[in-house]
**Student:** 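Here it is, the structure in full.
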Amino acid sequence: MSVPDSANLTGPPTEAAAAIRVVIVDDHAIFRSGLKADLDADIQVVAEASTVEEAVAAVTAQAPDVVLLDVHLPGGRGQGGREVVAGCTAQLGHTKFLALSVSDAAEDVVSVIRAGARGYVTKSISGAEISDAVRRVAGGDAVFSPRLAGFVLDAFGTSEVAVEDELDKLSVRELEVMRLIARGYSYKEVAKALFISIKTVETHVSAVLRKLQLSSRHELTRWAAERRLL
Amino acid sequence: MSPKMYRSTDRRVAGVCAGLAEHLGLRVGLVRAIMAASCFVFGAGVVFYAWLWILVPLEGEEQSLGTPLLDADGTPYLKLFRPAPESSFIANSDTREATATQAGRSLGIREIMVGAVLVVAAFALFSGPLIRTVNVGTLIPITVIGIGAVLAWMQLDATRRAGLLNAANIGTPLAIVRFSAGIGLVIAGVLIAVSGSGSWSLAWSSAMASLAVLAGVGLVLAPWALKFWRDFQKERTGRIRQTERAEIAAHLHDSVLQTLALIQKRADSPQDVTRLARAQERELREWIYHDADETSGALVARIKSVCAEIEDLHGLAVEVVAVGDAELTEQRQPLVQATREAVLNGVRHGGTTVSVYVEAGVKGVEVFVRDRGSGFDVESMPADRLGVRESVVGRMQRNGGTAGIMSSSEGTEVRLYLPIGEPTMEDMK
């Protein structure tokens with residue numbers, strides 16, 4: 001498959017062995033170049049794309065570690081970021097998607113997560129924060145913004161349940177973690193507040209992400225239907 | 001002046017009688033009876049009915065179609081043959097122009113129709129004595145043609161009502177049945193009238209001939225009709241899009257462009273620029289994601305608006321994340337005020353982005369306000385810091401809630417909690 005014109009290649013991936021290879025997908029060239037400049041040195045942008053088709057082609061050709069994916073994209077069937085994730089299902093084992101948007105509407109956030117993205121951040125976050133998020137997603141963890149944590153709590157309900165490890169409910173610990181993230185705590189601060197390790201926080205967050213993606217819980221379905229997510 | 005007459009949507013045939021009854025203030029049954037009775041006076045009722053049907057718009061139909069009015073005494077007066085009043089056609093925007101030309105076009109058809117009806121009426125009146133001598137053999141085909149035409153016309157009327165040939169309407173089975181029944185009756189009537197003799201072999205061959213002619217004409221006209229239809233559809237979608245675009249453009253002009261102009265003026269003051277940009281962002285978000293927020297009840301909406309106010313005042317972002325919602329009762333007003341104080345403190349002393357988390361559950365409402373400032377020592381909080389001690393902690397305690405402050409070098413967090421349904425101290429006094 002040929003790589004479209006706007007998917008600029010920036011050298012072979014062997015240049016820096018430890019570097020995280022990233023594809024930036026966003027329809028605004030100004031934002032792409034700004035983001036590229038903001039990212040830390042160990043994150044290497046291997047391609048850029050501005051439409052759904054270009055994004056699918058670039059991701060397939062480059063097999064990057066992380067795709068920074070705008071939720072709203074032109075092209076395709078008009079489904080934006082969700083469609084890119086759906087078009088790259090063969091890559092999902094290796095490539096992780098991090099959704100990036102100015103929109104904080106529930107339908108945008110949750111739909112792209114349910115499509116398979118590993119995290120969601122708003123475009124207003126700083127370069128250091130986004131680099132951190134990229135590293136975390138590349139390492140297999142999930143990245144939750146306070147607002148996404150709020151949506152999760154809204155969808156799963158905040159009343160505590162005794163049953164652990166059930167797909168349709170959040171465990172007490174997961175609820176606590178989500179609450180702290182919604183309050184604006186970083187993972188490190190969550191770990192400190194709950195007297196657990198950062199690794200444990202990450203495990204909880206990943207579990208919540210999995211539940212959010214896979215749960216067909218009645219309330220979640222209703223919640224999604226109310227917001228026209230299904 | 002008497003109210004304008006409309007055909008009623010609650011109708012038997014075309015809503016003429018119901019509309020007339022409403023207009024004249026009479027009972028529908030009476031008007032229908034008079035109408036039916038007058039049909040036997042040289043068919044005057046039929047002619048009058050058809051005339052009103054053509055000229056009187058259906059309730060809620062476009063008004064600019066130069067429609068005639070009825071005087072208070074019920075005698076209709078016609079202002080159709082006069083050029084339509086300019087004011088009703090010339091509108092101040094471009095979008096109205098299309099409507100105006102359309103109205104003008106249908107006016108032409110209308111005039112022809114009215115002319116034809118009047119000719120028929122005149123003929124009917126003058127040849128009144130003749131009608132009695134007409135034999136049944138010609139009366140039947142004419143009646144059949146008439147009924148067929150009425151059926152087909154009902155179809156046309158229905159489509160006109162649905163905003164000029166609504167594609168969905170044509171597809172309804174009833175409309176198709178009505179239309180084809182009308183066509184069939186007209187053809188049958190014409191055939192009987194033309195053949196006259198009633199001989200079936202003759203009727204059959206003439207039916208084949210007329211079908212062949214119709215098919216030929218249809219074949220010739222089909223591409224033209226298709227093109228016309230496509231153009232019409234294109235124009236319609238274009239107009240809808242144009243209207244939408246105009247609305248969005250108007251909104252962007254009123255909000256975003258104005259703000260951008262202001263930002264350029266205040267470019268030397270970063271705080272003003274941030275403040276303006278934040279306010280605009282908030283406003284635009286509200287406009288775009290309006291329905292997503294519709295479920296929010298009063299409490300969250302109030303807290304959000306309070307935070308927005310502080311954002312505007314201080315030019316620092318206040319992010320509100322809300323889970324659940326609650327009614328904004330009298331008891332919860334102090335919670336909102338305490339939240340406001342806490343956010344103000346965070347913005348003033350923290351000097352950073354402030355996160356607000358509201359959780360309204362079954363047990364109570366919890367609010368967390370967190371800033372990323374350098375923090376302060378809660379124990380040695382100076383007595384003059386009335387803001388926190390009095391308006392946050394004190395206020396919450398007086399109203400049956402609790403407030404806690406945690407501060408470290410990484411920021412300060414204020415926790416407010418108000419249980420649900422518990423009587424406040426004030427209530428008990």
Side-chain angles (χ1 to χ4, degrees), chain A residues 71-72 101-111 120-126 128-129 144-161 170 175-193 208 219 222-229, chain B residues 274 277-278 280-282 284-297 300 304 316-326 342-343 346 350 352-373 375 406 408-416:
Chain A
V71 173
H72 290 280
S101 176
V102 287
S103 158
D104 50 16
E107 43 267 63
D108 293 335
V109 182
V110 178
S111 67
Y120 182 92
V121 289
T122 45
K123 281 185 178 176
S124 53
I125 73 169
S126 70
E129 282 174 309
F144 272 36
S145 70
R147 199 165 291 273
L148 179 53
F151 289 148
V152 168
L153 290 170
D154 219 1
F156 283 90
T158 49
S159 52
E160 289 175 5
V161 285
L170 297 186
L175 265 177
E176 282 172 349
V177 171
M178 280 298 118
R179 268 213 189 91
L180 288 173
I181 292 174
R183 276 155 65 178
Y185 280 56
S186 68
Y187 283 18
K188 206 174 90 191
E189 287 164 337
V190 172
K192 206 171 139 198
V208 173
E219 281 84 352
R222 203 192 55 208
W223 184 85
E226 268 170 19
R227 286 160 178 78
R228 281 171 269 141
L229 297 183
Chain B
T274 322
R278 255 321 265 198
Q280 183 57 66
E281 184 191 338
R282 209 173 45 237
L284 204 56
R285 264 184 208 292
E286 204 170 287
W287 190 64
I288 296 173
Y289 305 117
H290 180 64
D291 41 1
D293 253 17
E294 257 172 13
T295 47
S296 328
V300 168
K304 275 186 179 166
L316 283 165
V318 181
E319 302 281 359
V320 183
V321 174
V323 173
D325 206 347
V343 173
T352 58
T353 303
V354 174
S355 316
V356 178
Y357 172 64
V358 186
E359 187 182 308
V362 282
K363 286 183 201 148
V365 184
E366 248 183 321
V367 178
F368 294 89
V369 179
R370 181 180 170 85
D371 68 62
R372 299 272 166 182
M406 283 191 309
S408 72
S409 59
E410 280 159 9
T412 307
E413 187 171 52
V414 179
R415 175 185 179 274
L416 310 172

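Labels below follow one simple rule: chain letters A, B, ... track the order of the sequence lines, proteins then strands, and each chain is numbered from 1.
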**Student:** Below 4.5 Å from any heavy atom of chain A, which atoms of B:V320 appear? Answer side chain, backbone, both or neither.
**Tutor:**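 When you check distances to chain A, only backbone atoms of B:V320 fall under 4.5 Å.
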**Student:** Report yes if some heavy atom in the side chain of B:E413 is under 4.5 Å from a heavy atom in the side chain of A:E189; otherwise report no.
**Tutor:**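 No - every pair of side-chain heavy atoms lies 4.5 Å or more apart.
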**Student:** For B:Y357, does the six-membered ring have the charged nitrogen or CZ of A:R179 within the cation-pi criterion, i.e. under 6.0 angstrom from the centroid and within 45° of the normal?
**Tutor:**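 No, A:R179 and B:Y357 do not form such a contact.
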**Student:** Looking only at non-hydrogen atoms, find the nearest pair between A:R183 and B:S355 and report the distance.
**Tutor:**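 Here A:R183 and B:S355 meet closest at O-CB, 3.8 Å.
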**Student:** Can any side-chain N or O of A:R147 pair as donor or acceptor with the backbone N or O of B:A322 at less than 3.5 Å?
**Tutor:**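 Absent.
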**Student:** What's the shortest heavy-atom distance between A:Y185 and B:M406, and which atoms?
**Tutor:**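 So the two residues come closest at OH-CE, 3.9 Å.
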**Student:** Please state whether the side chain, the backbone, both or neither of A:S186 comes within less than 4.5 Å of a heavy atom of chain B.
**Tutor:**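 Backbone only.
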